[in-house]
Amino acid sequence: MRIAFAGNPNSGKTTMYNALTGRSEKVGNWGGVTVGSKEYQLKKEFAGDREVIAVDLPGAYSMSPFTPEEGITSEYVRTASPDAIVNIVDATNLSRSLFFTTQLLELGIPMVVALNKSDVNAKEGTEIDVGKLSAKLNCPVFKTVSTEEKNNGLSEMIAKAISLCGTEQKAPYLQADIDLHDKAAVDAEDRKRYQFVNGIVAEVETRKVLSQETNKEDKIDAVLTNPIAGILIFAGVMWFVFWVSQAWLGPLVADWLVGYIEAFQEFVAGQLENSPPILSALLADGIVGGVGAVVGFLPLVMVMYFLIALLEDCGYMARVSAVMDPIFKRVGLSGKSVIPVVIGTGCGIPAIMACRTIRDERERRATTMLTTFIPCGAKIPVIALFAGAFFNGAGWVSLTAYFFGLVLIFLGALLIKVVTGYKYRKSFFIMELPKYKVPSLKFAFRQMMERAKAYIVKAATIILICNTVVQVMQTFDWHFQVVEEGAENTSILASIASPFAILLIPLGFGVWQLAAAAITGFIAKENVVGTLAVVYGLTAFIDVEELEMTGGANTVAMTMGLTSVTALAYLFFNLYTPPCFAAIGAMNSEMQHKGWLWSAIGLQLCTGYTVAFLIYQFGTLFTEGHFGTAFVPGLIAIAVMVVVIILISRKIRASFDAKYQLHKNAQTNVA
């Protein structure tokens with residue numbers, strides 16, 4: 001037996017799904033968090049001895065598939081024929097929610113309505129006549145509170161849904177037989193449906209009349225969504241998040257973990273003192289040293305995840321999306337482009353997947369192309385390493401990295417807008433502002449642990465294998481002889497990375513060690529830290545405690561041979577070049593167009609290279625009075641990149657123009 005859970009975004013659908021199944025799927029205060037259907041068996045306390053599969057569908061406002069996520073919901077309920085539907089309705093916004101409800105009822109599938117967030121209505125004095133609403137809709141209606149563990153109404157609701165399986169559902173409203181391709185006819189029919197819904201709401205809902213026109217939440221929103229104050233507050237909040245996670249609490253927790261890692265590495269090295277070199281290279285330096293260097297940054301990542309989860313749960317992140325919406329529209333992106341960027345601070349893959357909520361195909365692909373410019377959690381160890389080693393742990397490095405990522409997104413959007421011939425037009429975007437609430441520490445802790453688990457799994461698989469391979473390639477030459485001290489440039493790794501290092505000379509870091517670290521970063525961005533620890537033999541210094549000490553920082557800087565300007569260039573090069581292979585695969589899946597995919601990779605490569613070139617060359621000019629090494633070859637390389645991008649963009653623009661040729665002819669005829 002399958003029961004589909006469907007409802008509007010931000011109705012508490014996924015929270016209810018988690019409560020009924022014991023899962024812990026991602027929830028958030030905006031649409032697009034659930035971007036694909038998920039299914040799992042109901043707990044026995046709800047299903048009894050029967051096997052009942054709950055299917056969590058993406059949030060949708062309508063059965064008309066205007067967005068990919070609505071398409072998933074529409075296609076599933078129409079073609080998969082679930083045994084029953086649980087329609088989660090936001091009880092605090094009944095009028096909007098019942099539009100989708102009446103469409104679901106027309107399918108004839110047995111359905112129950114869950115009036116979720118009923119506890120909020122009780123606090124605000126809003127009453128809904130459940131019996132009368134059930135009679136109007138011809139289906140059972142239950143008050144539910146999915147965030148509470150007891151007396152939440154879920155058991156009764158699920159029991160009724162199971163009992164209805166096999167029965168026939170009668171619809172209270174039937175859509176007229178119209179041409180769905182006729183926009184005017186569809187709009188007119190939607191208005192009729194809204195009139196029907198509003199008539200029901202007027203009869204069943206009684207709202208408490210507020211004596212004040214503006215309440216406390218409205219006053220707070222007026223500040224947080226102000227175009228100027230809202231952005232400044234957001235900057236301050238993110239600075240606080242980075243400071244706590246990377247300069248205060250995160251390092252304090254990391255001290256304890258790093259101490260154990262170093263002790264374990266010394267123990268392993270001691271046990272292998274008389275063993276063959278390959279064992280020491282594999283175990284002590286490659287596995288323990290390389291992976292340990294990455295895992296040592298885990299507390300910084302976990303603290304950041306915890307704080308962002310609190311901001312999501314209290315409702316603040318939705319305000320951030322709202323204040324950024326007008327800015328994104330001006331550069332040719334949808335207002336929904338804000339959502340992937342915010343999600344991207346955690347991981348680029350779900351951020352890319354969230355782009356499917358954007359209706360316009362060009363805007364969706366452009367957002368997919370640009371989202372990974374915002375540093376994800378995997379890049380935090382890289383930022384932390386360079387901030388600690390070369391800038392004495394200064395918080396401005398992290399803040400600059402994130403906000404410069406936003407600048408690149410805006411500039412990239414403008415570039416795409418130009419090369420595709422896109423003209424500014426109105427983009428209508430609905431962003432719900434959920435009510436403020438005290439964030440759940442349990443929710444934030446669960447989100448932190450899940451993301452930390454994914455981080456550890458990556459470190460124990462991809463990063464472990466990569467660092468082990470790097471260590472072996474660093475230890476041996478092509479004849480599989482141990483590389484002698486002082487002859488590291490004869491190693492397998494050096495011979496592979498050296499050709500790429502030549503291309504990096506104009507950026508100030510044209511050495512094979514840094515080139516190797518950048519290359520392994522495409523497997524997983526954390527690999528940059530692990531590889532640097534291996535190729536420079538810095539596993540004793542790449543930890544939070546040493547990076548906070550001036551002596552330790554100088555040792556790392558001197559060993560790597562980088563100035564602060566070059567270090568910043570190298571950091572930004574790794575942050576803004578293409579993301580890991582997994583994220584590139586997600587981009588390919590979402591774009592569904594090879595031309596756009598290769599354009600995205602090309603744009604990201606060129607952006608990272610250009611940013612690093614400008615920082616190194618002009619930073620050197622400012623600090624030393626002259627340009628850096630290979631200034632002219634670097635300019636030539638960038639010119640070649642520009643030409644390639646222009647050629648690719650022309651091809652995309654030609655395809656785009658051909659697709660919308662009818663509109664251009666129409667404009668010409670009018671003129």
Side-chain angles (χ1 to χ4, degrees), residues 373 375 379 381-394 396-398 400-401 404-405 407-408 488-489 493-522 525 527-538 541-542 547 553-578 603-642:
F373 278 137
K379 297 176 182 177
V382 187
I383 298 173
L385 170 63
F386 282 85
F390 296 94
F391 302 98
N392 198 28
W396 66 263
V397 178
S398 299
T400 301
F404 193 66
V407 171
L408 291 179
E488 291 83 1
N489 60 343
L493 182 61
S495 63
I496 293 176
S498 294
F500 295 97
I502 297 175
L503 300 175
L504 304 180
I505 293 176
L507 312 185
F509 41 85
V511 294
W512 67 266
Q513 293 95 332
L514 296 174
I519 292 172
T520 58
F522 288 110
K525 286 301 179 181
N527 264 334
V528 174
V529 175
T531 303
L532 290 175
V534 170
V535 297
Y536 281 112
L538 291 171
F541 295 98
I542 300 183
L547 291 180
N554 288 336
T555 300
V556 173
M558 292 177 62
T559 303
M560 295 177 65
L562 300 178
T563 64
S564 58
V565 170
T566 307
L568 189 63
Y570 185 72
L571 171 61
F572 279 26
F573 176 81
N574 284 282
L575 294 182
Y576 306 128
T577 45
L603 176 63
Q604 291 163 348
L605 279 172
C606 294
T607 299
Y609 193 94
T610 302
V611 168
F613 174 80
L614 294 175
I615 291 176
Y616 168 64
Q617 294 293 343
F618 287 94
T620 302
L621 177 64
F622 179 77
T623 57
E624 300 181 15
H626 59 82
F627 286 113
T629 306
F631 175 72
V632 174
L635 281 180
I636 295 174
I638 292 176
V640 171
M641 294 178 185
V642 171

Listed partners of [X] passing side chain to side chain contact (heavy atoms under 4.5 Å, CB included), at least two apart:
X    : answer
T400 : W396, F572
T623 : V565
A497 : W512, A515, A516
F631 : F613, Q617, F627, L635

Rounded to the nearest 0.5 Å, what separates atom [atom1] in [X] from atom [atom2] in [Y]?
X    : Y    : atom1 : atom2 : result
L408 : L603 : CG    : CG    : 9.0 Å
L562 : L568 : CG    : CG    : 11.0 Å
I615 : Y570 : CD1   : OH    : 14.0 Å

[X] side chain near [Y] side chain, heavy-atom distance below 4.5 Å:
X    : Y    : answer
N574 : F386 : no
L507 : T566 : no
L532 : Q513 : no
L575 : V611 : no
K525 : T577 : yes
L504 : F573 : yes
P375 : I383 : yes
T610 : Y576 : no

* **Which residues share a ring pair (Phe, Tyr, Trp, His ring centres under 6.0 Å) with Y609, sequence neighbours left out** =>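 Y609 satisfies ring pair (Phe, Tyr, Trp, His ring centres under 6.0 Å) with no residue once adjacent residues are dropped.
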
* To do: Return the set of residues passing ring pair (Phe, Tyr, Trp, His ring centres under 6.0 Å) with F373 (not counting sequence neighbours), or none when no residue passes.
  =>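 F373: no ring pair (Phe, Tyr, Trp, His ring centres under 6.0 Å) contacts found.
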
* **F391 to S564 - nearest heavy-atom pair and separation** =>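 Heavy atoms of F391 and S564 come nearest at CZ-O, 3.4 Å.
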
* Considering non-hydrogen atoms only, spot the tightest contact between P506 and G634 and give its length. =>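 Closest approach of P506 to G634, heavy atoms only: CB-CA, 3.6 Å.
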
